[in-house]
S.K.: 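Here it is, the structure, as C-alpha cells.
In listed order, ligands and their atoms are each counted from 1. Computed from a prediction, not measured in an experiment: that's the story for all the values here. Keep in mind that the numbers below use all heavy atoms, side chains included, and drop hydrogens, waters and symmetry copies.
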Amino acid sequence: MKQKSIPHTTHNGPPAAEAPSYFQCPECGFLSADARFGAGEVPCPDCHSSGARPRAFPSDRLRRLDERIRHYNAEGDWEVVVILAETFLESILEDIIDRILAAHGADVTVRSVVLDGQRAIGARIGRLFPALTGEEFEEVAAELGFRDFPHRWRVLRGARNAFIHDSPFHGPQEKLDPATAHEAMILLDQAYKLFVLINNRFVADGFGKHGR
Ligand SMILES: [Zn+2]
C-alpha cells in the first residue's frame, strides 16, 4: 500500500480548460501525468520498467464526453452540464472498478458479469467498491485528500435525479441552476485526481500482487 503525502486539493476556482492527460504503465498499472513517460522517454516512475508503450487515460470515450461537458458549460447549458457530468462521474467510476477487477486477475467476461450485476451507482459505491478494496469509498476518498467528494457527489446525484424524475415527495425540480452546474464542473475536475490516486493505490498494487 502506497502512503504518499497528498495535498488537499479541494478548490472552488474556475474549471480546467480540458481533461488532464495521464499515462498507464502496461506492466504495473500505475498512472502518471509525466508526458515523458507517455512518450516512452523515461521508465515507469513506479515499477521502473520501460519498453511497452503506456496507454492513455482518460480513454478516448471519456475524453470526448469531457469535451462535450466543457462545451455545454461554456454555452451556459446548465441542465445538460449536470446530467452529462453525472454520467461522466458514473463512467469514470465504472472504468476504475474495471481496472481494479483486472488487477485482481478478472478477465473481460468476469468483469462484464460483475459490472452488469451491479448497475446501480449506489451499489457500486456501497457494495462493489468495498468488496474489492476492503475499504469504504468515503474512507479512501478522505485518506486521499478528497473528504467531501463523496457527499458532494451524492448531492449532485440528488439534484440530477430530482430534475429528470418526478419525485413523489418533492415534485419535479423544474431547472438546474448555474451553481449546481459549477459544482458539477468542480467534481468533474476533482474526479480525475481522485480516481488516479485510487488507481495507483489499488490497481498498481494489485498488478504487482497478482501478475497480469
Ligand atoms: Zn509500472
S.K.: Quiz question: by atom type and distance under 3.5 Å, do the side chains of T87 and R160 form a donor-acceptor pair?
M.R.: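 Distance-only check fails for T87 and R160.
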
S.K.: Indicate if the distance from the Zn ion (ligand 1) to the nearest N, O or S atom of H48 falls below 2.8 Å.
M.R.: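 Within the cut-off used here (under 2.8 Å), H48 places no N, O or S atom near the Zn ion (ligand 1).
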
S.K.: Is the distance between the ring centroids of F37 and Y22 less than 6.0 Å?
M.R.: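 No, they do not, as the ring centres are separated by 6.0 Å or more.
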
S.K.: Which value, rounded to 10°, describes the SG(C44)-the Zn ion (ligand 1)-SG(C28) angle?
M.R.: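 Rounding to the nearest 10 degrees gives 110°.
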
S.K.: What's the SG-the Zn ion (ligand 1)-SG angle here (C47, C25), rounded to 10 degrees?
M.R.: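 Taking the Zn ion (ligand 1) as the apex, the two atoms subtend 110°.
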
S.K.: Are the ring centres of F137 and F129 closer than 6.0 Å?
M.R.: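 Under 6.0 Å, so yes.
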
S.K.: Decide, yes or no, whether a salt bridge links R70 with D189 under the criterion of side-chain N to carboxylate O below 4.0 Å.
M.R.: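 Salt bridge between R70 and D189, a charged N being under 4.0 Å from a carboxylate O: yes.
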
